[in-house]
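Note that this is a predicted model, so its numbers are computed, not measured.
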There are 2 protein chains.
Amino acid sequence: MFATLIKHISKYVTLTPDEQEILTTYFKYEELSKKQYLLSEGEKCTAQYFVVQGCLRMYFIKENGSEHIVQFGIDNWWLSDYMSIEMQSPSKFYIQAVERTQVLKLSITDQQRLLERIPKLEHYFMRVMQKAFGAFQMRICYLFDMSGEEQYNLFVDRFPGFVQRVPQYMLASYLGVTPEFLSKIRGKKR
Amino acid sequence: MFATLIKHISKYVTLTPDEQEILTTYFKYEELSKKQYLLSEGEKCTAQYFVVQGCLRMYFIKENGSEHIVQFGIDNWWLSDYMSIEMQSPSKFYIQAVERTQVLKLSITDQQRLLERIPKLEHYFMRVMQKAFGAFQMRICYLFDMSGEEQYNLFVDRFPGFVQRVPQYMLASYLGVTPEFLSKIRGKKR
DNA sequence: GCAAAATCTTAATCTTGATTAAGAAATGAG
DNA sequence: CTCATTTCTTAATCAAGATTAAGATTTTGC
């Protein structure tokens, strides 16, 4: 299961076989069953997770009690609460497996040690963050420029298989509409 | 004007005087007058900007023709279109000075050269991106959990001086409400 | 100092999508 | 296989904030 990670890293930096070997010792492999939690509100977030296979969701509970999904994490994505990590503050988020999911866990302290051993990985993590940040800048665009209906259509276009993988109400939660409204949108198209 | 940048960097990594000297040769200082542009829609974004003093805004034009502000950049913040940089694609954004602003420009190619000379700066940039990404994760929370009115109040609390610095319609544009509605909110409080 | 441009306010009407409620369909555990 | 839980749909009513329009105020360039 390290093959997936190493392949991903090699898009940004080249690792020798030795370095690949070292790398693996800092990660912890975890196999999550559906609905299992990696992080809950109130806990300090102490690790980043690389999704090898499966699907995670990161969400928070709104004041009115309903939940809202901030991000999904699918194959080859990193997921974590970076505000909690940076500020060493309790997280407002939950990270949960949507389906059976395999992740590689890298704790903050292990990441520090790993980066001391293989400094060029700093570059990898910088690029990963840069890419994720770019995606969020675009997300703000979509949120403000498109109606719920347009956003749903765009999402379906960009991640065709994904729509079947998660329950509809989670998609609604991600897009920021109610499940009822999403249902109406879908009803209209048939 | 490099003092501000070096002080910011030193929060994350320690530079020797030599390294500080090297650093300065890769940046270009620019003094922007109000309304001057650093990036326009359709251009490839080829640099990152560190705000020494002043205020930038990054916005895009919606389909209906109105503009929406994605981010402000004030003292000590980095600002750029990271999607455009990553994908080498034309930007959808404008970056413009809201007031007289001093920036340090670091082009992508100069960044590469700089990081070859001083590799430990990779760590600095990673942390900067991580912090910015964390801020955006929280921003999604606020967008979905709070009414326009609550968001305005929070913003005023967190950046008290800032509200006087930018025109109200820009704040409205950042919060995702119309200037008319923001005016109503403010009217209510007096 | 004055005209033009930029910004802010008020108020009426209209839209999108939320809320509520209830039932239908699908999935899952034992 | 079957009952319980989870998920999805439909429809009525409601609310937040948009839109439109107009006038007031402030700022800026010359």
**Distance in angstrom units between A:D145 CG and D:dA18 P, rounded** = 14 Å
**Request:** Please determine if a side-chain N or O atom of B:Q168 lies less than 4.0 Å away from the OP1 or OP2 oxygen of C:dT9.
**Result:** yes
**Message:** Checking contacts here: which listed nucleotide (C:dT9, C:dG17, C:dA6) is nearest the side-chain heavy atoms of B:S183?
**Reply:** C:dT9
**Request:** Compute the centroid of each ring, for B:Y174 and then for B:F72, and state whether the two points are separated by less than 6.0 Å.
**Result:** yes
**Asked** Under 4.0 Å between a side-chain N/O of B:T178 and OP1 or OP2 of D:dA18, yes or no?
**Response** yes
**Complete:** Separation of C:dA24 atom C1' from A:Y169 atom OH, nearest Å, is 18 Å
**Prompt:** A:F181 CZ to D:dT9 C1': how many Å, rounded?
**Reply:** 14 Å
**Item:** Separation of atom CZ in A:F144 from atom C1' in C:dT16, rounded to whole Å
**Value:** 16 Å
**Prompt:** What is the distance, rounded to the nearest whole Å, between atom CE of A:M170 and atom P of D:dT7?
**Reply:** 7 Å
**Request:** For the pair A:E122 and A:K120, find out whether any cationic side-chain nitrogen is under 4.0 Å from an anionic carboxylate oxygen.
**Result:** no
**Request:** Grab the CD1-P distance between B:I185 and D:dA16 for me, whole Å please.
**Result:** 12 Å
**Request:** Report the distance from atom NZ of B:K184 to atom C1' of D:dA21, rounded to the nearest whole Å.
**Result:** 15 Å
**Prompt:** Rounded to whole angstrom units, what separation is found between the CG atom of A:L143 and the P atom of D:dG17?
**Reply:** 15 Å
**Request:** Return the 5'-most residue of the pair B:K34, B:E180 with respect to DNA chain C, ranking by each residue's nearest nucleotide.
**Result:** B:K34
**Complete:** Looking only at C:dT7, D:dT7, C:dA18, the nucleotide nearest the B:P167 side chain is C:dT7
**Prompt:** How about A:Y94 and A:F60: are their ring centroids closer than 6.0 Å?
**Reply:** no
**Prompt:** Ring centroid separation for A:W77 and A:F50, is it under 6.0 angstrom?
**Reply:** no
